[in-house]
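Notes follow the structure.
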2 protein chains.
Amino acid sequence: MTEPEPIASAPMVGLAAVILAATLDEPRVLTVPVAGQGAGRAEGLPAGPLEPAHPTLERGLRAWVERQTGQSLGYVEQLYTFGDRNRRPGGEDGGRHALSVAYLALVREARPAADSAWQSWYRYFPYEDWRAGRPPSLDALAARLEAWAAAAASPEEGRRRLDRIGLTFGAAGSGWNEERVLERYELLFEAGLVPEAGAPDALAGQAMAFDHRRMLATALGRLRGKIKYRPVVFELMPPAFTLGQLQRVVEALSGVLLHKQNFRRLVAQQGLVEETEAVTAETGGRPARLMRFRREVLLERPAPGLRLPSGRAG
Amino acid sequence: MTEPEPIASAPMVGLAAVILAATLDEPRVLTVPVAGQGAGRAEGLPAGPLEPAHPTLERGLRAWVERQTGQSLGYVEQLYTFGDRNRRPGGEDGGRHALSVAYLALVREARPAADSAWQSWYRYFPYEDWRAGRPPSLDALAARLEAWAAAAASPEEGRRRLDRIGLTFGAAGSGWNEERVLERYELLFEAGLVPEAGAPDALAGQAMAFDHRRMLATALGRLRGKIKYRPVVFELMPPAFTLGQLQRVVEALSGVLLHKQNFRRLVAQQGLVEETEAVTAETGGRPARLMRFRREVLLERPAPGLRLPSGRAG
DNA sequence: CCGGGATATGCTCAAAATGAGCATTTACCC
DNA sequence: GGGTAAATGCTCATTTTGAGCATATCCCGG
């Protein structure tokens, strides 16, 4: 495991993992402490350089994650290769490229290991959680964004900024699109409202090391989109679960509340689950039947996901 | 542009572009000749190594494409980073990793430049074109696939193979999913039915250099999915076009025919286009009104695409 | 033992979106 | 002037959504 002598122009390739889980109705991401980088330690994603011993990128990623967190991964998909910006410490030209191939992993269990910790992902994106209604911090953020638009060099640029704000954050309360996590983060970044870009407070969420928060935003957007057309939520569920638990996990991921009866109708008629014998005691209320994921749907035609209706409450 | 001395373990990072266009109702991909690699020259995608002078990955890609083909790119999105398999000539361990960051580009004009050439992409995937009904080569391919399934080491493995065949190629005529281009290619690859994997003929399509056909398959699948939820087709259209032309391009991309009246209703009610003054002479038939893409939809709420109905004909 | 609180489940209904056709218009060609 | 080829306009039966109302069952406190 000796590091070879770097040469000036060979790119450095890193692997990074956004590992997501959902426990107790809260969506989580697995973080590790990152040394230094300014004051003390920051939170970061499990990551490490691609090594010659790694047979493939994905195997290398799994190795790094197990080494750093003890977590073994099930569902893994490639997310994006970062390297386009904010990754060139050496200036505008010359220097080495630093790429990072990021992966999205979904896991069921949340056993904390070593230094790693599970954090609610709304710690990093508080304004993405609309389950309790419009997040209060959005008003302050919107005000700062508008100030940023007003401070544009030209009126046209200001108008473009306003358009983007409306597009990503929803114009006039209508039209919040939960999938645009990355676009919102990038807008906040450009506007200098995130700590990584110099904001004095964490109104726009807790910072992460390097560009890891951008990776997390990419992962959330991707997952929020994907649950609608692929049955990936079940990667986060235990073997048996109630429809209520399933709904609360979907709501936790997407950040919006759903109409209960319609949600269960959707799940039922898609044939995504089947009943088991058992029921749960749960908290108060009538006991719910435990369901299990019908793996066969993966072999059936389009293998649908869970379209999110727009309903606000149950 | 001198190549630095490679060191044993530093990964090599390449950039590759899948550049797509649609002219005359035929979907095209821009190819360049690739020297050697066995007998004579093969077709490949524009590609080149990431260089220190490249400010970003995407800018590097654009530079390579312009240098090799003279084509300048408009819409560009990152596709996938390949490196997981069939890219390690040096054996199972040791040696350098060779990654390739592939991009998808959509262009309007198709001016052929230098050695590059536009090819119909169904040259590489003939079985993906269902516009004239079920492609005849599919019968022969299906027979070979079934033979491959029958030749599995165990009955369970054979059943798994049959499941995959049904899932990707559609079971019993029903359920062809035009988006599963990559899964179909990978299945054919595993079954040894493509030239790259040793097939004696080109029944499953023309080969490309390296793993470029895998990249192309990835791009087609991505594009076929994306036109359904983002208005990306218009990147391929001229400034003014008729609804008939638009439909024929969508059909060319997706490989299936659509119900004409429903298609135009969809486009109209989504507000994706607006009328211009002009009409066309066209071929026979009543002249059609020329339309233009309403760029404003990109600023409106969800910015929808063109859902493909299942209808078979017009 | 009874009523209230909290869910889980079952069903209904109107509105909107889909899938398939039928019928008309308006060119060009012979 | 009739025939052919699209482009357009409309209709209609089904499905799919979005929203509620009503019941069924548990636990708990009194």
Side-chain angles (χ1 to χ4, degrees), chain A residues 24-25 174-176 228-229 240-251 254 256-292 301-302 304-314, chain B residues 24-25 174-176 228-229 240-251 254 256-292 301-302 304-314:
Chain A
L24 301 176
D25 303 350
S174 79
W176 172 263
K228 293 180 189 167
Y229 60 94
F241 49 85
T242 69
L243 291 179
Q245 290 168 338
L246 180 64
Q247 179 176 355
R248 258 164 289 134
V249 168
V250 171
E251 290 173 339
S254 64
V256 298
L257 294 183
L258 306 175
H259 180 113
K260 177 151 58 172
Q261 295 92 324
N262 290 349
F263 178 81
R264 73 175 34 234
R265 174 179 63 186
L266 181 72
V267 174
Q269 80 184 22
Q270 299 260 249
L272 292 172
V273 300
E274 62 194 358
E275 298 188 345
T276 68
E277 308 302 307
V279 294
T280 40
E282 283 300 289
T283 59
R286 171 173 170 177
R289 170 147 255 109
L290 282 170
M291 317 292 276
R292 81 167 71 87
R301 287 144 311 129
L306 291 170
R307 289 189 244 144
L308 308 182
S310 63
R312 286 290 299 115
Chain B
L24 301 176
D25 303 351
S174 78
W176 172 263
K228 292 181 189 165
Y229 60 92
F241 50 85
T242 70
L243 290 180
Q245 290 168 337
L246 180 65
Q247 180 176 354
R248 258 164 290 136
V249 167
V250 171
E251 290 173 338
S254 64
V256 298
L257 294 183
L258 306 175
H259 180 112
K260 177 151 59 171
Q261 296 91 324
N262 290 349
F263 178 81
R264 71 174 36 233
R265 174 177 64 186
L266 182 70
V267 175
Q269 80 183 21
Q270 300 260 250
L272 292 172
V273 299
E274 63 193 358
E275 299 187 346
T276 67
E277 308 301 309
V279 294
T280 41
E282 282 300 288
T283 59
R286 170 173 170 177
R289 170 146 255 109
L290 283 170
M291 317 292 277
R292 82 166 70 88
R301 285 145 311 129
L306 291 170
R307 289 189 243 144
L308 307 183
S310 63
R312 287 289 299 114

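Order of the sequence lines sets the chain letters (A, B, ...), proteins ahead of strands, with each chain counted from 1.
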Inset, instruction - Tell me, please, which residues at least two apart from A:T276 pass side chain to side chain contact (heavy atoms under 4.5 Å, CB included). - result: A:A278, A:L290, A:R292

Inset, instruction - List in chain and number order the residues that pass salt bridge (Lys or Arg N to Asp or Glu O under 4.0 Å) with B:R264, two or more places apart in sequence or in another chain; answer none if no residue qualifies. - result: none

Inset, instruction - Would you mind reading off the distance between A:H259 atom NE2 and D:dC21 atom C1', rounded to a whole angstrom? - result: 10 Å

Legend entry - salt bridge (Lys or Arg N to Asp or Glu O under 4.0 Å) partners of B:R286, counting only residues at least two apart: none

Inset, instruction - Would you kindly give the CG-to-P distance between A:L258 and D:dG20, to the nearest whole Å? - result: 15 Å

Inset, instruction - Give a yes or no on whether the backbone of A:V267 and the side-chain of A:Q270 come within a donor-acceptor separation of less than 3.5 Å. - result: no

Inset, instruction - Do nucleotides 7-14 of chain D as a string where each nucleotide becomes B, S or -: B if the base has a protein heavy atom under 4.0 Å, S if just the sugar-phosphate does, - if no protein is that close. - result: BBBB----

Inset, instruction - Grab the CZ-P distance between B:F263 and C:dA20 for me, whole Å please. - result: 16 Å

Inset, instruction - Applying salt bridge (Lys or Arg N to Asp or Glu O under 4.0 Å), name anything that partners A:R265, two or more places apart in sequence or on another chain. - result: none

